[in-house]
K.L.:
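I have a structure I would like to understand better, so I am pasting it below and will then ask my questions one at a time.
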Amino acid sequence: MVSHTKLKALYLCFNEKFGNHITVSGIKRILTQHGFGKGNLKVSSLKQALDALNLEANAAIDYEAFCQIFAKEDLTFYEKLCKGALVVPRFKVFTQDIEAIYHQLKTVTKGAVASYIPELKHVEKDAFSISVCTVDGQSFQIGDNKRFCMQSMIKPVLYALALEEKGLKHVHKHVGREPSGHGFNELTLNAEGLPHNPMINAGAIMSCSMIQAKKTPAARFKCIVDALERLSASDKITFNNAVYNSEKDTADRNYALGYFMREHQAFPKGTDLQRTLNLYFQACSIELNVEILANIAASFAGGGRNPITNTQVFLPETVKNCLSLMYSCGMYDYSGEWAFSIGLPAKSGVSGGIYIVIPGVLGMAIYSPRLDKLGNSYRGIEVCKALVEAYSVHNFDSILRCAGKLDLSV
Ligand code: GLN
């Protein structure tokens, strides 16, 4: 049901903004300024409606045409846009800062690509891209936007799926929530004989054992891809079969972890270990790019609501639990230092991707496959350090307001 009062108010708002001369080019200009440029799906229906008018770019849009364009749109969202009240109001300035960080780091070649999964060493070593998506759907992307496998970055999603299906209590009968203090694939369990947390290999294998355990392997894999599609509003999520086979053929450590957990009776009753491991390897070989990953991170930032489609993909409670563990355990053996100096939930993968979540504000994804000694993307970490140095986004920065850092919300 269209609210004519709201439409009228929006019309007045746009009129005021454009000095009583609303035009197609004017609307497109403010869309671009606020992060709704080419390819942004959030505003695609509005852009179509604008083009369907067949008006000259600078011809005035009257009230009747205005209603035609906006009638089916989310008026509250466009009112925020018009008033400059989106979650990152000075989006252009923010993305210029990200652009500067990108250029500063572009020539850095420190670190080495992962090679323990043989296929991973065939990537373009110096690929580099950054993408941002806010909880209002404002987006920005810079770099080559190459595709890469999710690897460990799938772990929060596996945990979220297990939580939604089985509930917190059941899930944590099988996996802990303490940082392990060891590498991501260390052959170790906690004092109860369970994986330390869902963000390391053993814990993610455990999450897999709880995802649609009674269904076919195909249905279980599809359930993971579906979740990613709903979190990202993308239909461009693919699967890298070469990486999958390469990992499966060389996965002695993950097999060892699986058998070690089975020996300790850590799995839910009836778990098929081989199928569980296959699902884990498949999930790690799902491929996307930073743009898609930033959308996923933005859905996490929005408490499980996809900013583009407005659908609630995961419960806010699930996301809260996920973010808590990403905060304390998301960056392998660097997690403590990360929580201290960056202060944001994040997850990295050995393919060289990282995504970070600024709750209530935005998600950011970086891809740069050269890794540091702990297995995190070297430039990925540098991007985050630069971000936190400039902007007041560390979890506890609120305590030092006005200490010379920029505020994303003004
Ligand atoms: N598939 C990888 C493995 O199990 C994931 C590890 C990672 O990204 N840290 O070893």
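What you see is a predicted model; the values in this text were computed from it and never measured. Order of appearance sets the numbers: ligands from 1, and atoms from 1 within every ligand.
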K.L.:
Describe, in one word, how the ring planes of Phe70 and Tyr78 are oriented to each other, choosing from parallel (under 30°), tilted (30 to 60°) and perpendicular (over 60°).
P.N.:
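Aromatic pair Phe70/Tyr78 classed perpendicular.
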K.L.:
For ligand 1, find each of its N or O atoms that sits under 3.5 Å from a protein N or O atom, and tabulate the pairs with distances to one decimal place.
P.N.:
{"from": "ligand 1", "atom 1": "1 (N)", "to": "Gln151", "atom 2": "OE1", "distance (Å)": "2.5"}
{"from": "ligand 1", "atom 1": "1 (N)", "to": "Glu247", "atom 2": "OE1", "distance (Å)": "2.9"}
{"from": "ligand 1", "atom 1": "1 (N)", "to": "Glu247", "atom 2": "OE2", "distance (Å)": "2.7"}
{"from": "ligand 1", "atom 1": "4 (O)", "to": "Asn201", "atom 2": "ND2", "distance (Å)": "2.9"}
{"from": "ligand 1", "atom 1": "4 (O)", "to": "Glu247", "atom 2": "OE2", "distance (Å)": "3.1"}
{"from": "ligand 1", "atom 1": "4 (O)", "to": "Asn254", "atom 2": "ND2", "distance (Å)": "2.9"}
{"from": "ligand 1", "atom 1": "4 (O)", "to": "Tyr280", "atom 2": "OH", "distance (Å)": "2.7"}
{"from": "ligand 1", "atom 1": "8 (O)", "to": "Ser152", "atom 2": "N", "distance (Å)": "2.9"}
{"from": "ligand 1", "atom 1": "8 (O)", "to": "Ser152", "atom 2": "OG", "distance (Å)": "2.8"}
{"from": "ligand 1", "atom 1": "8 (O)", "to": "Tyr332", "atom 2": "OH", "distance (Å)": "3.3"}
{"from": "ligand 1", "atom 1": "8 (O)", "to": "Val350", "atom 2": "N", "distance (Å)": "2.9"}
{"from": "ligand 1", "atom 1": "9 (N)", "to": "Ser152", "atom 2": "OG", "distance (Å)": "2.8"}
{"from": "ligand 1", "atom 1": "9 (N)", "to": "Tyr332", "atom 2": "OH", "distance (Å)": "2.7"}
{"from": "ligand 1", "atom 1": "10 (O)", "to": "Tyr116", "atom 2": "OH", "distance (Å)": "2.5"}
{"from": "ligand 1", "atom 1": "10 (O)", "to": "Asn201", "atom 2": "ND2", "distance (Å)": "3.2"}

K.L.:
Hey, can you pull the donor-acceptor pairs under 3.5 Å for the side chains in residues 344-352, sequence neighbours left out?
P.N.:
{"from": "Lys347", "atom 1": "NZ", "to": "Gly330", "atom 2": "O", "distance (Å)": "3.0"}
{"from": "Ser348", "atom 1": "OG", "to": "Asn376", "atom 2": "OD1", "distance (Å)": "2.6"}
{"from": "Ser351", "atom 1": "OG", "to": "Cys149", "atom 2": "O", "distance (Å)": "2.6"}

K.L.:
Nearest 0.5 Å please: distance from the CZ atom of Arg220 over to the NZ atom of Lys215.
P.N.:
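Spacing of CZ (Arg220) from NZ (Lys215) equals 10.5 Å.
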K.L.:
Under the ring pair (Phe, Tyr, Trp, His ring centres under 6.0 Å) rule, what pairs show up with a residue in residues 299-338, not counting sequence neighbours?
P.N.:
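Counting only pairs at least two positions apart or across chains, the ring pair (Phe, Tyr, Trp, His ring centres under 6.0 Å) contacts touching residues 299-338 are Phe184-Tyr332.
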K.L.:
Would you please name every residue forming a side-chain hydrogen bond (donor to acceptor under 3.5 Å, both in side chains) with Gln212, sequence neighbours left out?
P.N.:
none
K.L.:
Within a strict 4.5 Å, meaning less than it, do heavy atoms of the Ile354 and Ile381 side chains meet?
P.N.:
yes
